S.K.: 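Take this structure first; my questions come after.
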Protein chains: 2
Amino acid sequence: MKKYTIKDIAQLAGVSKGTVDRVLHKRGKVSEIALEKVTKILNEIEYKPNPIAKNLKINKIYKLAVILPDAQKDSYWEPCSGAIKEVENEFQHFGIEINKFVFDASETSSFLETSLNVITTKPDAILMVPLFQKEAKEIVTKCNINNIKVSVFNNYIDSNYSNNFIGQDLYQSGRVAAKLMDMVLKKGTIGIVHIDEDYQNATHLQEKEKGFRSYFNSLNTLDYDITTIHLNYKKSESFNNSLLSFLDKNPNINGIFVTISKSYVVVEALKERASDIAIVGYDLVKKNIDYLKQGEIDFLIHQKPKQQVYMGLSYLAEYFLFDKEIPSQLLLPLDIVTSENVDGYLM
Amino acid sequence: MKKYTIKDIAQLAGVSKGTVDRVLHKRGKVSEIALEKVTKILNEIEYKPNPIAKNLKINKIYKLAVILPDAQKDSYWEPCSGAIKEVENEFQHFGIEINKFVFDASETSSFLETSLNVITTKPDAILMVPLFQKEAKEIVTKCNINNIKVSVFNNYIDSNYSNNFIGQDLYQSGRVAAKLMDMVLKKGTIGIVHIDEDYQNATHLQEKEKGFRSYFNSLNTLDYDITTIHLNYKKSESFNNSLLSFLDKNPNINGIFVTISKSYVVVEALKERASDIAIVGYDLVKKNIDYLKQGEIDFLIHQKPKQQVYMGLSYLAEYFLFDKEIPSQLLLPLDIVTSENVDGYLM
DNA sequence: TTGTACGCGTTATCAC
DNA sequence: GTGATAACGCGTACAA
């Protein structure tokens with residue numbers, strides 16, 4: 001149970017600390033005899049280097065960069081800043097520096113520009129939201145060339161391109177939404193509403209829909225009828241009209257599954273009609289929370305952007321400082337939020 | 001933004017490192033003049049001691065003790081061991097040692113005996129489950145006398161006795177259960193089933209019931225009818241009989257709220273009758289998970305014993321190592337678990 | 001090829 | 001009272 005240090009090993013083997021170090025790190029030349037003596041001791045005891053002392057002498061400051069959409073335009077990203085500050089605070093004494101960069105999620109070019117800009121700051125690692133697949137891959141490739149480690153969060157990207165994804169299982173998340181809808185409705189007609197803003201969430205939303213439909217397919221029943229609609233949200237007026245005309249065409253809709261954080265715009269559109277439609281959506285943005293508490297939204301699934309950033313950055317920091325391995329995929333639990341437990345998630 | 005060290009301060013104040021140290025820690029004697037010079041500098045800059053260097057020289061090993069019910073008799077506590085190992089692993093290099101002690105939850109005397117035993121091992125802090133209020137208070141008092149810091153988890157205890165509780169808001173947890181029941185049933189008759197084992201969970205279960213009923217009261221409707229029953233579980237046969245006779249007396253029961261981790265025994269009792277009763281219960285123990293996946297249980301609320309231990313121990317470790325403050329109350333989110341998201345919580 | 005000395009920031013001790 | 005210094009564990013650079 002004793003904790004052995006390099007000094008201990010040197011003493012036991014009858015060599016100097018330097019030699020032990022050379023054996024441990026396979027650097028420099030070591031004589032056969034010394035190597036044997038040291039390895040013998042190493043086999044007998046269990047040596048774990050003290051991770052603290054390792055980084056005592058901070059001659060290297062590790063620079064981490066976070067690239068994410070502007071929270072001013074989509075408050076979904078707001079909590080991420082908090083996570084950045086927390087991790088920075090926790091690791092600053094170990095020589096970790098974190099910088100945040102935002103882009104306009106409605107402009108592919110903004111993402112590309114920001115990311116290229118970040119690369120010129122020569123960070124050791126980048127944690128980013130690969131909103132635009134094609135451009136993200138381009139950036140990742142550039143990072144690889146420049147020896148910058150890349151982690152992605154929130155949106156999945158080809159595993160050829162990233163060895164480290166933090167987020168949720170979107171397919172399963174669709175199944176959770178379906179289960180909730182099933183519990184509430186028992187049967188009826190359900191609308192899946194994709195609200196695609198200018199940027200393409202294509203794969204993101206498709207996965208959720210697939211999961212949602214798979215649940216009902218596996219029920220093997222005729223009790224449900226499911227229709228999908230793609231809407232755009234630029235002005236509320238035109239959005240409302242589109243949604244209402246969809247309802248006119250499908251007058252028996254009992255539930256709506258909103259695949260993105262904008263459930264509140266659906267609620268607001270429905271206000272123009274008396275209705276008793278169950279709504280299941282995503283994310284704890286302010287307006288969603290209000291409607292959840294008022295009973296206008298039934299369930300929200302929490303995608304936990306803050307925890308995603310927190311985990312992503314923590315792993316990177318510990319990777320550089322303590323050689324901790326980064327899992328290739330970290331899937332966070334799919335938290336179900338109602339009016340009664342929402343407060344516990346607001347931190 | 002510069003990080004100042006004691007050396008820097010010494011230079012700026014024109015004194016030695018030793019003097020600065022004496023001022024900072026208020027130890028030893030310092031002349032008026034030196035004190036003034038140093039405090040002046042300290043006011044101008046922001047000094048944060050380097051936590052790494054502080055613990056480099058570990059002359060003190062902090063001993064933490066965890067006291068909890070035997071997982072062999074109630075698998076609810078099983079995941080706690082994992083948390084202990086994780087925290088131990090994370091902090092062992094900082095000089096933290098953790099020991100686990102279990103007691104028989106059906107014997108007050110076992111708790112008392114174990115706890116007194118733990119105190120004789122002279123730990124720096126104890127994290128415990130205050131299952132038995134009276135005895136727990138006795139132990140806490142003894143700890144205070146012996147200068148042992150105490151944190152409690154899972155069960156609440158008078159704030160006069162503990163300055164650090166980690167757990168959940170049980171009242172609110174009852175409200176969550178009620179909300180779920182409401183979503184599923186819309187109206188009907190509901191049974192609240194308390195399964196009291198030999199030990200008294202009294203306050204624990206009462207809080208949940210209060211919350212549950214408060215939700216329906218605030219609905220201000222006559223759609224629901226709620227009945228409570230207290231059962232004992234020693235042999236499955238007699239338990240089943242009691243439950244079934246309760247159902248005979250209340251033939252219209254549509255939903256059952258089980259206030260403890262034993263939903264599975266209710267499911268098994270109901271198997272003797274064809275029934276379509278919604279069940280909301282607690283905790284991810286194996287049998288509950290199986291029935292949840294099979295659709296026999298509708299919802300489980302996750303009390304997260306593992307996270308409770310993890311947080312409790314982490315806070316204590318950081319309190320000793322980094323002088324981090326411990327919040328007097330840490331309420332964990334009330335996770336809602338269904339067949340579709342349960343896998344994400346099993347870690 | 002190997003040993004040794006030094007630095008990191010803090011703290012405890014010893015000498016003045 | 002106070003300043004100087006060793007020690008903690010590791011990595012590294014340099015001298016032998």
Side-chain angles (χ1 to χ4, degrees), chain A residues 2-39 41-42 45-62 91-97 318 320-324, chain B residues 2-39 41-42 45-62 91-96 320-324:
Chain A
K2 186 188 181 319
K3 280 190 292 184
Y4 291 94
T5 71
I6 286 196
K7 200 176 157 189
D8 295 327
I9 299 172
Q11 240 164 20
L12 288 168
V15 296
S16 76
K17 290 198 308 175
T19 307
V20 177
D21 179 71
R22 278 181 278 267
V23 173
L24 284 170
H25 297 85
K26 297 185 176 60
R27 58 177 151 228
K29 308 262 180 176
V30 181
S31 69
E32 288 271 344
I33 315 142
L35 186 124
E36 229 171 274
K37 282 195 288 189
V38 175
T39 42
I41 301 294
L42 286 177
I45 60 148
E46 197 195 1
Y47 170 70
K48 272 188 189 175
N50 183 331
I52 305 163
K54 193 177 264 173
N55 297 285
L56 226 198
K57 184 171 187 170
I58 313 165
N59 36 19
K60 165 85 179 149
I61 292 206
Y62 294 97
F91 288 103
Q92 66 182 349
H93 286 287
F94 292 87
I96 295 285
E97 180 190 307
E318 295 184 35
F320 288 118
L321 297 173
F322 311 133
D323 302 312
K324 192 166 164 177
Chain B
K2 187 188 181 316
K3 280 190 291 185
Y4 291 93
T5 70
I6 286 196
K7 200 175 159 191
D8 295 326
I9 299 171
Q11 242 165 17
L12 288 167
V15 297
S16 77
K17 292 196 301 176
T19 307
V20 177
D21 179 67
R22 279 181 277 266
V23 172
L24 283 169
H25 298 85
K26 298 183 176 60
R27 61 174 147 232
K29 309 260 179 176
V30 181
S31 70
E32 287 272 345
I33 316 141
L35 186 122
E36 229 171 274
K37 282 196 288 187
V38 173
T39 41
I41 301 293
L42 285 176
I45 61 150
E46 195 196 0
Y47 169 71
K48 271 189 189 174
N50 183 330
I52 305 166
K54 188 179 266 174
N55 295 286
L56 222 197
K57 189 170 187 169
I58 311 165
N59 36 19
K60 165 88 178 146
I61 292 205
Y62 295 97
F91 287 103
Q92 64 182 350
H93 287 285
F94 290 89
I96 295 283
F320 288 117
L321 297 173
F322 310 133
D323 302 311
K324 191 165 163 176

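Just so you know, these numbers come straight off a predicted model, no measurement behind them. To find a chain, count down the sequence lines: A is the first, B the second, and so on, and within it residues start at 1.
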S.K.: For A/Lys3 and B/Gln92, indicate whether the former's side chain and the latter's backbone hold a donor-acceptor pair under 3.5 Å.
M.R.: yes

S.K.: How long is the straight-line distance from CG of A/Leu35 back to OG1 of A/Thr39, given to the nearest 0.5 Å?
M.R.: 5.0 Å

S.K.: Without decimals, in angstroms, what is the distance between B/Ile33 CD1 and D/dG3 P?
M.R.: 11 Å

S.K.: Of the options C/dT1, D/dA13, D/dT2, whose atoms approach the side-chain atoms of B/Ala34 most closely?
M.R.: D/dT2

S.K.: Where the side chain of B/Thr5 is concerned, which of D/dG3, C/dT10, C/dG3 is the nearest nucleotide?
M.R.: C/dT10

S.K.: Does A/Lys60 have any side chain to side chain donor-acceptor pair (under 3.5 Å) partners at least two apart in sequence or in another chain, and if so, which?
M.R.: A/Asp124

S.K.: Taking any heavy-atom pair under 4.0 Å as a contact, classify A/Lys7: base, sugar-phosphate, or nothing.
M.R.: sugar-phosphate

S.K.: At how many degrees, to 10°, do the end axes of the helix from C/dT1-D/dA16 to C/dC16-D/dG1 meet when each uses five pairs?
M.R.: 70°

S.K.: Measure up the B/Phe320 and B/Tyr62 rings against each other and bin them: parallel (under 30°), tilted (30 to 60°), perpendicular (over 60°).
M.R.: parallel

S.K.: What's the closest nucleotide to the A/Ser31 side chain, out of C/dT1, D/dG11, C/dA12?
M.R.: C/dT1

S.K.: Starting at atom NZ of A/Lys17, determine the distance to atom P of D/dG11, rounded to an integer number of angstrom.
M.R.: 10 Å

S.K.: Among residues 46-56 of chain A, which contact DNA chain D at a heavy-atom distance under 4.0 Å?
M.R.: A/Tyr47, A/Pro49, A/Asn50, A/Ala53, A/Lys54, A/Leu56

S.K.: Under 4.0 Å: is that the gap between some side-chain N or O of B/Arg27 and OP1 or OP2 of C/dA12?
M.R.: yes

